[in-house]
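Computed over heavy atoms, backbone and side chain alike; hydrogens, waters and symmetry mates excluded. In each ligand, atom 1 is the first atom listed, and ligand 1 is the first ligand listed.
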Amino acid sequence: MTERVLVLDFGAQYAQLIARRVRELGVYAEIVPATATFEQLLAKEPQALILSGGPDSVYRPGAPRLDDRILTSGIPQLGICYGMQYLAHALGGRVDPGLPEYGPAEARRTGVEDPLLAGVPERFRVWMSHGDRVESLPPGFSLLLGSDGAPCAAMGDAARKIYAVQFHPEVVHTEHGMELLRNFLYSVVGLTGGWDMGSFLEREVPRIQAEVGDRSALVALSGGVDSAVAAAIVHRALGDRLTAVFVDHGFLRAGEAEEVERAFTERVPLRFIHVKAEDRFLAALAGVVDPEEKRKRIGNLFIRVFEEEAQKLGPTDFLVQGTLYPDVIESGPGQAAVIKSHHNVGGLPEDLRFRLLEPLRELFKDEVRRLGTELGLPRSLVQRQPFPGPGLAIRMVGEVQPGRLELLRRADLVVRREIEAAGIADDLWQWFAVLPGVRTVGVMGDHRTYGEALVVRVVTSDDGMTADWAKLEPALLQRIASAIVSEVPGINRVLYDVTSKPPGTIEWE
Ligand code: XMP
(Lines give C-alpha, C1' and ligand atoms only; values in the text may rest on other atoms or scores of the structure.)
Protein backbone atom coordinates (compact mmCIF):
# COMPACT_ATOMS: atom_id res chain seq x y z
CA MET A 1 0.00 0.00 0.00
CA THR A 2 1.27 3.50 -0.82
CA GLU A 3 2.24 5.44 2.25
CA ARG A 4 0.39 8.70 2.34
CA VAL A 5 0.62 11.82 4.44
CA LEU A 6 -2.16 14.39 4.34
CA VAL A 7 -1.39 18.06 4.82
CA LEU A 8 -4.49 19.65 6.35
CA ASP A 9 -4.56 23.16 4.98
CA PHE A 10 -5.65 25.89 7.39
CA GLY A 11 -5.09 28.52 4.69
CA ALA A 12 -1.31 28.45 4.83
CA GLN A 13 1.06 30.20 2.52
CA TYR A 14 3.26 27.15 2.85
CA ALA A 15 0.92 24.14 2.51
CA GLN A 16 2.34 23.29 -0.90
CA LEU A 17 5.85 23.64 0.36
CA ILE A 18 5.14 21.25 3.24
CA ALA A 19 3.73 18.66 0.82
CA ARG A 20 6.72 19.07 -1.40
CA ARG A 21 9.22 18.62 1.43
CA VAL A 22 7.50 15.42 2.51
CA ARG A 23 7.73 14.12 -1.05
CA GLU A 24 11.38 15.11 -1.21
CA LEU A 25 11.81 12.90 1.83
CA GLY A 26 10.36 9.97 -0.12
CA VAL A 27 6.78 9.89 1.15
CA TYR A 28 3.74 10.74 -0.95
CA ALA A 29 1.91 13.80 0.43
CA GLU A 30 -1.34 15.41 -0.56
CA ILE A 31 -3.06 18.60 0.56
CA VAL A 32 -6.65 18.56 1.78
CA PRO A 33 -8.64 21.50 3.10
CA ALA A 34 -8.96 21.59 6.89
CA THR A 35 -12.72 21.51 6.42
CA ALA A 36 -12.58 17.90 5.18
CA THR A 37 -14.71 15.52 7.22
CA PHE A 38 -13.29 12.64 9.20
CA GLU A 39 -14.81 10.20 6.69
CA GLN A 40 -13.16 12.01 3.78
CA LEU A 41 -9.79 11.81 5.49
CA LEU A 42 -10.16 8.15 6.42
CA ALA A 43 -11.09 7.29 2.84
CA LYS A 44 -7.57 8.39 1.85
CA GLU A 45 -6.03 6.02 4.42
CA PRO A 46 -3.33 8.41 5.67
CA GLN A 47 -0.50 7.20 7.88
CA ALA A 48 0.05 10.68 9.28
CA LEU A 49 -1.43 14.17 9.25
CA ILE A 50 0.39 17.48 9.11
CA LEU A 51 -1.64 20.46 10.25
CA SER A 52 -0.46 23.52 8.35
CA GLY A 53 -0.08 27.09 9.45
CA GLY A 54 -2.74 29.66 8.69
CA PRO A 55 -3.47 33.34 9.14
CA ASP A 56 -6.06 32.94 11.91
CA SER A 57 -6.13 33.06 15.71
CA VAL A 58 -7.72 30.10 17.49
CA TYR A 59 -9.81 32.56 19.54
CA ARG A 60 -11.42 34.31 16.63
CA PRO A 61 -15.01 33.15 16.23
CA GLY A 62 -15.18 31.17 13.02
CA ALA A 63 -11.47 30.31 13.04
CA PRO A 64 -10.87 27.11 11.08
CA ARG A 65 -11.11 23.91 13.07
CA LEU A 66 -10.98 20.22 12.37
CA ASP A 67 -13.55 17.52 12.78
CA ASP A 68 -12.98 16.63 16.48
CA ARG A 69 -12.74 12.93 15.73
CA ILE A 70 -9.46 13.56 13.92
CA LEU A 71 -7.71 14.48 17.15
CA THR A 72 -8.62 11.22 18.88
CA SER A 73 -8.20 9.04 15.78
CA GLY A 74 -4.80 7.70 16.81
CA ILE A 75 -3.29 8.88 13.48
CA PRO A 76 0.10 10.51 14.18
CA GLN A 77 -0.02 14.29 13.76
CA LEU A 78 2.39 17.17 13.37
CA GLY A 79 1.08 20.71 13.85
CA ILE A 80 2.97 23.63 12.31
CA CYS A 81 2.43 27.24 13.49
CA TYR A 82 -1.36 27.70 13.53
CA GLY A 83 -1.51 23.89 13.46
CA MET A 84 0.36 23.86 16.76
CA GLN A 85 -1.84 26.51 18.34
CA TYR A 86 -4.88 24.62 17.18
CA LEU A 87 -3.63 21.36 18.72
CA ALA A 88 -2.67 23.10 21.98
CA HIS A 89 -6.05 24.80 22.23
CA ALA A 90 -8.11 21.76 21.26
CA LEU A 91 -6.25 19.37 23.55
CA GLY A 92 -6.50 21.49 26.69
CA GLY A 93 -3.48 23.81 26.63
CA ARG A 94 -3.53 27.62 26.64
CA VAL A 95 -2.84 29.91 23.71
CA ASP A 96 -2.43 33.66 24.24
CA PRO A 97 -1.78 36.62 22.03
CA GLY A 98 1.93 37.38 22.39
CA LEU A 99 4.25 39.75 20.62
CA PRO A 100 4.08 38.81 16.97
CA GLU A 101 7.31 37.27 15.75
CA TYR A 102 8.33 37.29 12.10
CA GLY A 103 11.67 36.07 10.86
CA PRO A 104 14.67 34.35 12.40
CA ALA A 105 14.70 33.14 15.99
CA GLU A 106 16.84 30.74 17.97
CA ALA A 107 15.31 27.46 19.10
CA ARG A 108 16.84 25.81 22.16
CA ARG A 109 16.49 22.27 23.35
CA THR A 110 15.07 21.83 26.83
CA GLY A 111 16.90 18.68 27.88
CA VAL A 112 13.99 16.41 26.97
CA GLU A 113 15.12 13.63 24.63
CA ASP A 114 12.68 12.69 21.91
CA PRO A 115 12.89 10.90 18.55
CA LEU A 116 11.71 14.12 16.85
CA LEU A 117 14.96 15.82 17.87
CA ALA A 118 17.41 13.07 16.91
CA GLY A 119 20.53 14.61 15.36
CA VAL A 120 19.37 18.19 16.03
CA PRO A 121 21.84 20.45 17.90
CA GLU A 122 21.22 22.24 21.22
CA ARG A 123 20.55 25.56 19.48
CA PHE A 124 19.65 26.31 15.89
CA ARG A 125 18.04 29.01 13.81
CA VAL A 126 14.35 28.70 12.94
CA TRP A 127 11.94 30.83 10.93
CA MET A 128 8.95 32.17 12.87
CA SER A 129 5.81 33.82 11.59
CA HIS A 130 3.08 34.00 14.20
CA GLY A 131 0.92 36.27 16.37
CA ASP A 132 -0.45 33.99 19.12
CA ARG A 133 1.73 31.62 21.12
CA VAL A 134 1.28 28.57 23.30
CA GLU A 135 1.59 29.52 26.99
CA SER A 136 0.80 26.20 28.65
CA LEU A 137 0.98 22.73 27.17
CA PRO A 138 -1.95 20.34 26.98
CA PRO A 139 -1.85 17.36 29.38
CA GLY A 140 0.52 14.63 28.26
CA PHE A 141 2.83 16.93 26.26
CA SER A 142 6.52 17.66 26.91
CA LEU A 143 8.27 20.88 26.04
CA LEU A 144 10.87 20.00 23.41
CA LEU A 145 12.13 23.39 22.22
CA GLY A 146 11.89 26.92 23.55
CA SER A 147 12.75 30.31 22.08
CA ASP A 148 12.74 33.91 23.28
CA GLY A 149 9.54 34.94 21.56
CA ALA A 150 7.65 31.66 21.96
CA PRO A 151 8.17 29.84 25.27
CA CYS A 152 6.94 26.73 23.50
CA ALA A 153 8.68 26.40 20.13
CA ALA A 154 8.02 22.65 19.95
CA MET A 155 6.04 20.17 22.00
CA GLY A 156 5.27 16.49 21.73
CA ASP A 157 3.28 13.65 23.20
CA ALA A 158 5.29 10.56 22.28
CA ALA A 159 2.58 8.16 23.50
CA ARG A 160 -0.10 9.62 21.20
CA LYS A 161 2.44 10.54 18.50
CA ILE A 162 1.16 14.10 18.39
CA TYR A 163 3.83 16.74 17.83
CA ALA A 164 3.85 20.42 17.05
CA VAL A 165 6.28 23.20 16.20
CA GLN A 166 5.69 26.94 16.31
CA PHE A 167 8.20 27.70 13.54
CA HIS A 168 8.26 26.60 9.90
CA PRO A 169 10.44 23.52 9.38
CA GLU A 170 9.57 23.52 5.67
CA VAL A 171 11.33 26.79 4.74
CA VAL A 172 15.03 26.90 3.89
CA HIS A 173 15.69 29.58 6.52
CA THR A 174 14.99 27.04 9.26
CA GLU A 175 18.11 25.03 10.01
CA HIS A 176 17.51 21.32 10.50
CA GLY A 177 13.91 21.67 9.32
CA MET A 178 14.27 18.70 6.99
CA GLU A 179 15.73 16.63 9.85
CA LEU A 180 12.73 17.39 12.02
CA LEU A 181 10.36 16.41 9.23
CA ARG A 182 12.39 13.30 8.48
CA ASN A 183 12.40 12.33 12.16
CA PHE A 184 8.65 12.79 12.32
CA LEU A 185 7.99 10.67 9.23
CA TYR A 186 10.49 7.90 9.81
CA SER A 187 11.16 7.71 13.58
CA VAL A 188 7.86 8.87 15.04
CA VAL A 189 5.39 7.57 12.46
CA GLY A 190 7.60 4.68 11.32
CA LEU A 191 7.15 5.12 7.58
CA THR A 192 9.47 3.30 5.19
CA GLY A 193 9.57 5.86 2.33
CA GLY A 194 10.81 5.08 -1.15
CA TRP A 195 8.15 7.09 -2.97
CA ASP A 196 9.36 8.48 -6.30
CA MET A 197 8.09 9.13 -9.80
CA GLY A 198 8.34 5.41 -10.57
CA SER A 199 5.86 4.65 -7.79
CA PHE A 200 3.68 7.46 -9.04
CA LEU A 201 3.55 5.76 -12.45
CA GLU A 202 2.77 2.36 -10.97
CA ARG A 203 -0.21 3.82 -9.18
CA GLU A 204 -1.43 6.32 -11.76
CA VAL A 205 -1.39 4.13 -14.89
CA PRO A 206 -3.90 1.56 -13.53
CA ARG A 207 -5.97 4.42 -12.12
CA ILE A 208 -6.28 6.00 -15.58
CA GLN A 209 -7.11 2.59 -17.08
CA ALA A 210 -9.83 2.03 -14.50
CA GLU A 211 -11.30 5.49 -15.02
CA VAL A 212 -11.35 5.42 -18.81
CA GLY A 213 -12.29 1.75 -19.21
CA ASP A 214 -12.58 0.92 -22.92
CA ARG A 215 -13.38 4.49 -23.94
CA SER A 216 -11.09 6.95 -25.74
CA ALA A 217 -9.25 10.16 -24.98
CA LEU A 218 -7.92 13.19 -26.78
CA VAL A 219 -5.09 15.53 -25.84
CA ALA A 220 -4.18 18.93 -27.23
CA LEU A 221 -0.41 19.29 -27.41
CA SER A 222 0.86 22.83 -27.23
CA GLY A 223 4.60 22.26 -27.37
CA GLY A 224 4.92 22.79 -23.61
CA VAL A 225 6.14 20.41 -20.95
CA ASP A 226 2.87 19.83 -19.11
CA SER A 227 0.71 18.75 -22.02
CA ALA A 228 3.55 16.57 -23.35
CA VAL A 229 4.01 14.70 -20.07
CA ALA A 230 0.25 14.35 -19.59
CA ALA A 231 0.02 12.86 -23.09
CA ALA A 232 2.90 10.47 -22.39
CA ILE A 233 1.45 9.07 -19.19
CA VAL A 234 -2.03 8.64 -20.65
CA HIS A 235 -0.48 6.95 -23.66
CA ARG A 236 1.25 4.52 -21.28
CA ALA A 237 -2.18 3.70 -19.87
CA LEU A 238 -4.36 3.70 -22.99
CA GLY A 239 -2.06 3.13 -25.96
CA ASP A 240 -3.89 3.75 -29.23
CA ARG A 241 -7.06 4.90 -27.53
CA LEU A 242 -5.34 8.23 -26.97
CA THR A 243 -5.05 10.63 -29.88
CA ALA A 244 -2.86 13.71 -29.66
CA VAL A 245 -3.68 16.78 -31.68
CA PHE A 246 -0.74 19.14 -31.98
CA VAL A 247 -2.05 22.50 -33.07
CA ASP A 248 1.01 24.21 -34.50
CA HIS A 249 0.13 27.90 -34.66
CA GLY A 250 3.48 28.76 -36.19
CA PHE A 251 4.61 30.85 -33.23
CA LEU A 252 6.84 28.24 -31.64
CA ARG A 253 10.57 28.69 -31.30
CA ALA A 254 13.15 27.34 -33.71
CA GLY A 255 13.10 23.56 -33.85
CA GLU A 256 10.27 23.14 -31.35
CA ALA A 257 7.52 21.78 -33.56
CA GLU A 258 9.91 19.24 -35.08
CA GLU A 259 11.06 18.23 -31.62
CA VAL A 260 7.52 17.61 -30.39
CA GLU A 261 6.72 15.61 -33.50
CA ARG A 262 9.88 13.53 -33.13
CA ALA A 263 9.29 12.88 -29.44
CA PHE A 264 5.78 11.62 -30.12
CA THR A 265 6.53 9.56 -33.17
CA GLU A 266 9.79 8.01 -31.98
CA ARG A 267 9.96 8.04 -28.18
CA VAL A 268 6.30 7.89 -27.19
CA PRO A 269 4.66 6.71 -30.40
CA LEU A 270 1.05 7.70 -30.04
CA ARG A 271 -1.62 8.53 -32.59
CA PHE A 272 -0.34 11.96 -33.48
CA ILE A 273 -2.03 14.57 -35.62
CA HIS A 274 0.15 17.53 -36.52
CA VAL A 275 -2.05 20.39 -37.67
CA LYS A 276 0.07 23.01 -39.38
CA ALA A 277 -2.05 26.11 -39.12
CA GLU A 278 0.45 28.95 -39.35
CA ASP A 279 -1.30 30.54 -42.34
CA ARG A 280 -4.65 30.60 -40.60
CA PHE A 281 -3.13 32.15 -37.50
CA LEU A 282 -1.25 34.76 -39.49
CA ALA A 283 -4.42 35.64 -41.34
CA ALA A 284 -6.32 35.96 -38.07
CA LEU A 285 -3.69 38.36 -36.76
CA ALA A 286 -3.36 40.54 -39.85
CA GLY A 287 -3.28 44.17 -38.83
CA VAL A 288 -3.71 43.42 -35.12
CA VAL A 289 -1.38 45.27 -32.77
CA ASP A 290 -3.25 45.26 -29.47
CA PRO A 291 -1.72 42.60 -27.17
CA GLU A 292 -5.00 41.44 -25.65
CA GLU A 293 -6.60 41.24 -29.06
CA LYS A 294 -3.70 39.12 -30.29
CA ARG A 295 -4.04 36.75 -27.34
CA LYS A 296 -7.80 36.50 -27.80
CA ARG A 297 -7.62 35.74 -31.49
CA ILE A 298 -4.91 33.14 -31.03
CA GLY A 299 -6.83 31.49 -28.19
CA ASN A 300 -10.09 31.37 -30.11
CA LEU A 301 -8.55 30.03 -33.29
CA PHE A 302 -6.55 27.43 -31.35
CA ILE A 303 -9.78 26.09 -29.96
CA ARG A 304 -11.54 26.19 -33.32
CA VAL A 305 -8.75 24.22 -35.00
CA PHE A 306 -8.67 21.72 -32.15
CA GLU A 307 -12.44 21.33 -32.30
CA GLU A 308 -12.38 20.72 -36.04
CA GLU A 309 -9.88 17.92 -35.56
CA ALA A 310 -11.83 16.50 -32.63
CA GLN A 311 -14.96 16.43 -34.75
CA LYS A 312 -13.18 14.60 -37.56
CA LEU A 313 -12.15 11.92 -35.08
CA GLY A 314 -15.70 11.24 -34.00
CA PRO A 315 -16.97 10.89 -30.44
CA THR A 316 -14.33 11.06 -27.74
CA ASP A 317 -15.04 10.66 -24.05
CA PHE A 318 -12.09 12.20 -22.26
CA LEU A 319 -9.98 15.28 -22.72
CA VAL A 320 -6.51 15.11 -21.18
CA GLN A 321 -5.23 18.29 -19.58
CA GLY A 322 -1.82 18.98 -18.12
CA THR A 323 -3.18 20.76 -15.06
CA LEU A 324 -0.56 20.92 -12.30
CA TYR A 325 -0.99 21.05 -8.57
CA PRO A 326 -0.67 24.82 -8.34
CA ASP A 327 -3.46 25.20 -10.91
CA VAL A 328 -5.87 22.89 -9.14
CA ILE A 329 -8.84 24.54 -7.62
CA GLU A 330 -11.59 22.53 -5.96
CA SER A 331 -13.04 20.03 -8.43
CA GLY A 332 -12.82 16.35 -7.70
CA PRO A 333 -10.81 14.13 -10.01
CA GLY A 334 -12.72 12.59 -12.86
CA GLN A 335 -15.74 14.80 -12.42
CA ALA A 336 -17.75 15.32 -15.58
CA ALA A 337 -17.12 18.93 -16.32
CA VAL A 338 -17.81 21.53 -18.90
CA ILE A 339 -14.45 22.89 -19.77
CA LYS A 340 -14.30 26.60 -19.24
CA SER A 341 -10.68 27.35 -19.77
CA HIS A 342 -7.74 25.99 -21.58
CA HIS A 343 -4.57 26.56 -19.61
CA ASN A 344 -2.69 28.03 -22.43
CA VAL A 345 -5.16 29.72 -24.61
CA GLY A 346 -8.59 31.14 -23.98
CA GLY A 347 -11.64 28.99 -23.31
CA LEU A 348 -13.28 25.99 -24.90
CA PRO A 349 -16.89 26.51 -25.89
CA GLU A 350 -19.53 25.33 -23.45
CA ASP A 351 -21.03 22.81 -25.83
CA LEU A 352 -17.83 20.81 -26.15
CA ARG A 353 -18.44 18.24 -23.47
CA PHE A 354 -15.70 15.89 -22.38
CA ARG A 355 -14.83 14.37 -19.12
CA LEU A 356 -11.55 15.76 -17.92
CA LEU A 357 -8.53 13.60 -17.29
CA GLU A 358 -5.86 15.45 -15.34
CA PRO A 359 -3.10 12.97 -14.53
CA LEU A 360 -0.66 15.61 -13.25
CA ARG A 361 -3.01 17.32 -10.88
CA GLU A 362 -1.11 16.13 -7.82
CA LEU A 363 2.33 17.08 -9.06
CA PHE A 364 4.61 20.06 -8.93
CA LYS A 365 6.50 21.32 -11.96
CA ASP A 366 9.83 19.70 -11.07
CA GLU A 367 8.05 16.39 -10.44
CA VAL A 368 6.38 16.65 -13.85
CA ARG A 369 9.80 17.06 -15.42
CA ARG A 370 11.07 13.96 -13.63
CA LEU A 371 7.99 12.03 -14.69
CA GLY A 372 8.53 13.08 -18.31
CA THR A 373 12.06 11.70 -18.17
CA GLU A 374 10.78 8.49 -16.59
CA LEU A 375 8.32 8.19 -19.50
CA GLY A 376 11.08 8.52 -22.07
CA LEU A 377 10.57 12.09 -23.28
CA PRO A 378 13.81 13.81 -24.38
CA ARG A 379 15.56 16.08 -21.93
CA SER A 380 15.38 19.02 -24.32
CA LEU A 381 11.58 18.86 -24.17
CA VAL A 382 11.25 18.03 -20.49
CA GLN A 383 13.65 20.71 -19.24
CA ARG A 384 12.20 23.39 -21.48
CA GLN A 385 11.82 26.86 -19.98
CA PRO A 386 8.27 28.18 -19.58
CA PHE A 387 6.84 29.44 -22.85
CA PRO A 388 3.53 31.26 -23.23
CA GLY A 389 0.70 29.60 -25.15
CA PRO A 390 0.47 32.43 -27.73
CA GLY A 391 4.20 31.99 -28.30
CA LEU A 392 6.37 34.41 -30.23
CA ALA A 393 3.31 36.39 -31.28
CA ILE A 394 3.30 38.15 -27.90
CA ARG A 395 7.03 38.73 -28.01
CA MET A 396 6.84 41.15 -30.91
CA VAL A 397 5.28 44.54 -30.36
CA GLY A 398 3.11 45.42 -33.32
CA GLU A 399 1.80 43.27 -36.11
CA VAL A 400 2.83 39.62 -36.41
CA GLN A 401 4.38 39.15 -39.84
CA PRO A 402 6.27 36.17 -41.26
CA GLY A 403 9.49 38.17 -41.73
CA ARG A 404 9.45 39.47 -38.17
CA LEU A 405 8.71 35.98 -36.86
CA GLU A 406 11.76 34.67 -38.64
CA LEU A 407 13.90 37.50 -37.24
CA LEU A 408 12.72 36.85 -33.71
CA ARG A 409 13.12 33.11 -34.03
CA ARG A 410 16.70 33.41 -35.15
CA ALA A 411 17.59 35.93 -32.43
CA ASP A 412 15.89 33.80 -29.79
CA LEU A 413 17.93 30.82 -30.87
CA VAL A 414 21.13 32.81 -30.35
CA VAL A 415 20.02 33.88 -26.86
CA ARG A 416 19.23 30.28 -25.95
CA ARG A 417 22.49 29.01 -27.38
CA GLU A 418 24.66 31.54 -25.53
CA ILE A 419 22.86 31.13 -22.18
CA GLU A 420 23.07 27.38 -22.38
CA ALA A 421 26.73 27.52 -23.40
CA ALA A 422 27.42 29.71 -20.37
CA GLY A 423 26.07 26.88 -18.19
CA ILE A 424 23.75 29.13 -16.17
CA ALA A 425 20.35 27.92 -17.41
CA ASP A 426 19.64 26.02 -14.18
CA ASP A 427 19.78 29.27 -12.21
CA LEU A 428 17.36 31.09 -14.49
CA TRP A 429 13.60 31.05 -15.01
CA GLN A 430 13.42 32.32 -18.60
CA TRP A 431 15.76 33.69 -21.24
CA PHE A 432 14.43 34.97 -24.54
CA ALA A 433 14.33 37.68 -27.18
CA VAL A 434 11.68 40.33 -27.82
CA LEU A 435 11.13 42.54 -30.84
CA PRO A 436 10.03 45.90 -29.40
CA GLY A 437 9.06 47.30 -32.78
CA VAL A 438 11.70 50.02 -32.74
CA ARG A 439 13.88 50.82 -35.75
CA THR A 440 17.32 52.27 -35.23
CA VAL A 441 20.26 53.53 -37.24
CA GLY A 442 23.56 51.70 -37.10
CA VAL A 443 26.77 51.30 -38.99
CA MET A 444 28.26 48.03 -40.17
CA GLY A 445 31.43 48.02 -42.19
CA ASP A 446 31.18 51.31 -44.00
CA HIS A 447 27.45 51.10 -44.43
CA ARG A 448 24.67 52.82 -42.66
CA THR A 449 22.02 50.36 -41.49
CA TYR A 450 18.44 50.96 -40.51
CA GLY A 451 17.22 47.85 -38.74
CA GLU A 452 15.18 46.63 -35.81
CA ALA A 453 16.30 46.80 -32.20
CA LEU A 454 16.08 43.59 -30.20
CA VAL A 455 15.50 43.23 -26.46
CA VAL A 456 17.06 40.39 -24.49
CA ARG A 457 15.02 39.39 -21.44
CA VAL A 458 16.53 37.08 -18.84
CA VAL A 459 14.84 36.63 -15.47
CA THR A 460 15.12 34.66 -12.27
CA SER A 461 11.96 33.57 -10.47
CA ASP A 462 10.55 30.78 -8.30
CA ASP A 463 7.09 30.59 -9.78
CA GLY A 464 6.69 33.29 -12.43
CA MET A 465 4.53 35.37 -10.10
CA THR A 466 7.40 37.68 -9.23
CA ALA A 467 10.70 37.89 -11.03
CA ASP A 468 13.99 39.74 -11.09
CA TRP A 469 16.19 40.54 -14.07
CA ALA A 470 19.25 38.33 -14.13
CA LYS A 471 22.55 40.04 -13.34
CA LEU A 472 24.43 38.56 -16.26
CA GLU A 473 28.16 39.07 -16.60
CA PRO A 474 29.00 41.95 -18.98
CA ALA A 475 31.17 39.58 -21.03
CA LEU A 476 28.20 37.26 -21.57
CA LEU A 477 25.93 40.18 -22.50
CA GLN A 478 28.52 41.27 -24.98
CA ARG A 479 28.76 37.80 -26.51
CA ILE A 480 24.98 37.66 -26.88
CA ALA A 481 24.79 41.13 -28.43
CA SER A 482 27.62 40.55 -30.89
CA ALA A 483 26.31 37.16 -31.94
CA ILE A 484 22.82 38.51 -32.59
CA VAL A 485 23.94 41.48 -34.65
CA SER A 486 26.36 39.45 -36.72
CA GLU A 487 24.16 36.38 -37.20
CA VAL A 488 20.73 37.92 -37.62
CA PRO A 489 20.64 40.37 -40.52
CA GLY A 490 17.99 43.00 -39.91
CA ILE A 491 18.85 43.53 -36.24
CA ASN A 492 21.41 46.24 -35.58
CA ARG A 493 21.03 47.01 -31.87
CA VAL A 494 20.57 44.92 -28.72
CA LEU A 495 19.06 46.12 -25.45
CA TYR A 496 18.96 44.31 -22.10
CA ASP A 497 15.73 44.55 -20.10
CA VAL A 498 16.48 45.45 -16.45
CA THR A 499 12.88 45.54 -15.22
CA SER A 500 11.75 43.29 -12.39
CA LYS A 501 8.20 41.95 -11.93
CA PRO A 502 6.46 43.90 -10.52
CA PRO A 503 6.37 46.53 -11.95
CA GLY A 504 6.98 44.82 -15.31
CA THR A 505 5.68 41.46 -16.42
CA ILE A 506 8.01 38.79 -17.70
CA GLU A 507 6.54 38.79 -21.19
CA TRP A 508 6.25 42.06 -23.05
CA GLU A 509 2.64 41.59 -24.08
P1 XMP B 1 3.99 37.39 -17.14
O2 XMP B 1 4.34 37.92 -18.48
O3 XMP B 1 2.55 37.53 -16.80
O4 XMP B 1 4.27 35.82 -17.22
O5 XMP B 1 4.87 37.92 -16.05
C6 XMP B 1 4.35 34.97 -16.11
C7 XMP B 1 4.71 33.60 -16.60
O8 XMP B 1 3.63 33.04 -17.36
C9 XMP B 1 4.03 32.79 -18.68
N10 XMP B 1 2.91 33.18 -19.55
C11 XMP B 1 2.04 32.33 -20.08
N12 XMP B 1 1.97 30.99 -20.01
N13 XMP B 1 0.06 31.01 -21.40
C14 XMP B 1 0.99 30.34 -20.67
O15 XMP B 1 0.94 29.11 -20.61
C16 XMP B 1 0.06 32.36 -21.52
O17 XMP B 1 -0.79 32.95 -22.19
C18 XMP B 1 1.11 33.05 -20.83
N19 XMP B 1 1.44 34.36 -20.71
C20 XMP B 1 2.54 34.41 -19.92
C21 XMP B 1 5.27 33.62 -18.91
O22 XMP B 1 6.09 33.06 -19.92
C23 XMP B 1 5.90 33.58 -17.54
O24 XMP B 1 6.61 32.38 -17.31
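- Every atom of ligand 1 with a heavy atom of Lys501 under 4.0 Å away is listed here by number and element: 1 (P), 3 (O), 5 (O), 6 (C).
- Taking 4.0 Å as the cut-off between side-chain N and carboxylate O, Arg253 and Glu256 count as a salt-bridged pair.
- Some N or O of Arg295 is nearer than 3.5 Å to an N or O of ligand 1, by distance alone.
- A distance-only check finds a donor-acceptor pair linking the side chain of Arg295 to the backbone of Glu509 [under 3.5 Å].
- Residue contacts with ligand 1: Ile506 is placed with a nitrogen or oxygen under 3.5 Å of a nitrogen or oxygen of the ligand (distance criterion only).
- For Arg493 and Thr440, the side-chain atoms include at least one donor-acceptor pair closer than 3.5 Å.
- Short contacts between ligand 1 and Pro386, defined as distances under 4.0 Å to a heavy atom of the residue, involve ligand atoms 24 (O).
- Of the candidates Pro388, Pro502, Ser222, the one placing a heavy atom closest to atom 11 (C) of ligand 1 is Pro388.
- Annotation for ligand 1: atoms under 4.0 Å from non-hydrogen atoms of Gly389 are 13 (N), 14 (C), 15 (O), 16 (C).
- Heavy-atom proximity to Gly464, at under 4.0 Å, picks out these atoms of ligand 1: 6 (C).
- Within the listing of ligand 1, atoms 24 (O) sit less than 4.0 angstrom from a heavy atom of Trp429.
- With ligand atoms numbered from 1 in the order given, ligand 1 contributes 1 (P), 2 (O), 5 (O) to contacts under 4.0 Å with heavy atoms of Thr505.
- For the residue pair Asp468 and Thr460, no side-chain donor N or O sits within less than 3.5 Å of a side-chain acceptor on the partner.
- Within the 4.0 Å heavy-atom criterion, the part of Pro390 lying near ligand 1 is the side chain and not the backbone.
- A cation-pi contact, defined as under 6.0 Å to the ring centre and within 45° of the axis, is absent between Arg23 and Phe200.
- For Arg369 (side chain) and Val382 (main-chain N/O), a donor-acceptor pair under 3.5 Å exists by modelled atom type.
- Cation-pi check for Arg20 over Phe364 is met; the charged atom lies under 6.0 angstrom from the ring centroid and within 45 degrees of its normal.
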